[in-house]
Every structure is written in structure tokens, then in C-alpha cells.
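Scroll down for the structure; my scribbles are underneath it.
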Amino acid sequence: MDANAAKKLSGERQVHIRMFWCAIALLAGSSSQALALPPFSRAWRDRYLSGDVSDEYKVAAEMARCHVCHKIAAGKALNSYGKAAGKFLTKDEWVTVRDEPAKLRLYIDNGLKQAEAEKSPSGRTFGELIKDGIGPWD
């Protein structure tokens, strides 16, 4: 193998190693990121990112992270989906059921289901968008 071929192979290997570590960092970061409250985030991911969901949608949702419900670069401000979910999922109610796992799961599941029926700015319901593999975030 000549010197140029060795340099090229070494450069390609470095790119692969960098890609590997970036993927590891992305996966590690996505598991710790959450919506306003971790149980809401976990329930959302369990409900909408499991089963027969495209890999592209899963990646987009994991990249959106907090922005599934919150506006990008706007602190705690909610986007349209976050406002819809916020009608049914409140911190005050969460506090009353957080120590009872069965009630908490039911509360969050019902809240997400009700948010699905709300209209998005496009005029379609958030449930229709999610079913069609379109993120509810804007």
C-alpha cells in the first residue's frame, strides 16, 4: 500500500470514528432530554414512537426533543401542539397523581389522546398529523 492510499484510508477511518461518537452522543443526549416533565416526555415517546413508525419520524422526534411542545429558542413558550396538550396536561394535576403510577399513566394517556383531537394551524388535527408521520411541532 502506498503512502497516499494509507492517508486516504486513515482519513476515512477518522470520519467513521467521528460519526460513531456523534451517534453515541446523540443517543445519550436524547434519552435525558424531556418535555416540561419527564413522565410526559416518556409517555409521548412510548405512545408515538413505538410500533409501526418510520425511522425518519423517530429521528425527527428525537431531534425535536423539547420542541415537540416548546417553541424553538423561546424558553418555556409553547408551540401550538404544546398549547393543545397543555389544556389537558397541567403541572398542578400532575402533582396530585405523580405518586400513583397507574393514575399518572392514565392521566397522561388521556391528555395526549385529547390533544390529538385538537386542530393544528394547518386545520388538521394533531392526531391526523402524527398518524401521517408529520411532527405536531411547528
Side-chain angles (χ1 to χ4, degrees):
M1 181 182 303
D2 68 339
N4 287 337
K7 284 182 183 179
K8 182 178 178 186
L9 181 60
S10 176
E12 289 176 358
R13 185 164 189 233
Q14 288 177 0
V15 169
H16 289 214
I17 290 170
R18 286 186 189 132
M19 288 173 55
F20 170 78
W21 285 113
C22 286
I24 295 297
L26 177 65
L27 290 173
S30 69
S31 65
S32 65
Q33 292 293 327
L35 300 174
L37 297 169
F40 292 176
S41 176
R42 277 191 298 275
W44 193 92
R45 286 193 313 262
D46 289 349
R47 183 177 180 94
Y48 301 114
L49 299 183
S50 61
D52 190 25
V53 178
S54 74
D55 289 338
E56 293 83 14
Y57 188 76
K58 288 178 184 178
V59 169
E62 290 297 335
M63 294 296 289
R65 296 182 188 176
C66 299
H67 306 296
V68 168
C69 290
H70 294 274
K71 289 183 179 181
I72 296 173
K76 294 182 179 184
L78 297 172
N79 61 27
S80 56
Y81 178 70
K83 289 176 185 175
K87 291 179 185 178
F88 311 105
L89 298 171
T90 66
K91 188 171 184 178
D92 290 340
E93 184 64 27
W94 171 74
V95 168
T96 66
V97 297
R98 70 179 172 192
D99 295 328
E100 300 176 61
K103 284 186 179 181
L104 177 61
R105 176 57 95 172
L106 183 62
Y107 168 67
I108 295 172
D109 194 50
N110 286 337
L112 292 174
K113 188 182 290 186
Q114 289 174 297
E116 287 178 20
E118 294 287 304
K119 294 274 185 175
S120 72
S122 71
R124 298 176 66 198
T125 67
F126 288 110
E128 291 170 335
L129 294 176
I130 292 168
K131 183 179 177 187
D132 290 344
I134 301 169
W137 52 89
D138 47 38

**Study point:** Aromatic ring pairing Tyr107/Phe40, orientation class (parallel under 30°, perpendicular over 60°, tilted between)
**Key:**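 Aromatic pair Tyr107/Phe40 classed tilted.
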Examine Leu89 and Leu78 and state if one hydrophobic cluster contains both, with Ile, Leu, Val, Met, Phe, Trp and Tyr joined whenever side-chain heavy atoms are less than 4.5 Å apart.
->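 Each belongs to a different hydrophobic cluster.
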message = Please determine whether residues Phe88 and Leu112 belong to a single hydrophobic cluster, defined as Ile, Leu, Val, Met, Phe, Trp and Tyr linked transitively by side-chain heavy-atom distances below 4.5 Å.
response =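 Not linked; separate clusters.
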* To do: Determine the sole option in Ile130, Val53, Val68 for which the side-chain contact (heavy atoms from CB on, under 4.5 Å) test with Tyr48 is passed.
  =>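 So, applying the side-chain contact (heavy atoms from CB on, under 4.5 Å) to Tyr48 and each of Ile130, Val53, Val68, only Ile130 qualifies.
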Discussion item. Applying salt bridge (charged side-chain N to carboxylate O under 4.0 Å, His left out) as the test, list every pair that has at least one member in residues 112-126; sequence neighbours left out.
Written reply: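 Checked against salt bridge (charged side-chain N to carboxylate O under 4.0 Å, His left out) - neighbours excluded - the pairs reaching residues 112-126 are Arg47-Glu116, Lys87-Glu118, Arg124-Asp132.
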Report yes if the side chains of [X] and [Y] come closer than 4.5 Å at any heavy-atom pair, otherwise no.
| X | Y | answer |
| --- | --- | --- |
| Phe126 | Trp137 | no |
| Asp92 | Thr96 | no |
| Pro136 | Trp44 | yes |
| Glu62 | Leu49 | yes |

Does NZ belonging to Lys71 count more than 12 external heavy atoms closer than 6.0 Å?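 Incorrect, the count does not exceed 12.
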Would you say Glu93's side chain and Thr90's backbone share a donor-acceptor pair under 3.5 angstrom?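 Not a single qualifying donor-acceptor pair exists.
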At what distance, to the nearest 0.5 angstrom, does OG of Ser50 lie from NZ of Lys58?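 Between atom OG of Ser50 and atom NZ of Lys58 there are 7.5 Å.
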(message) If you compare all heavy atoms of Ala43 against all heavy atoms of Ile108, which two are closest, and at what distance to 0.1 Å?
(response)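 Heavy-atom minimum between the residues: CB-CG2, 3.3 Å.
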*Shortest non-hydrogen contact between Ala85 and Ala115, atoms and distance*: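 Looking at all heavy atoms of both residues, the closest pair is CA-CB, 3.8 Å.
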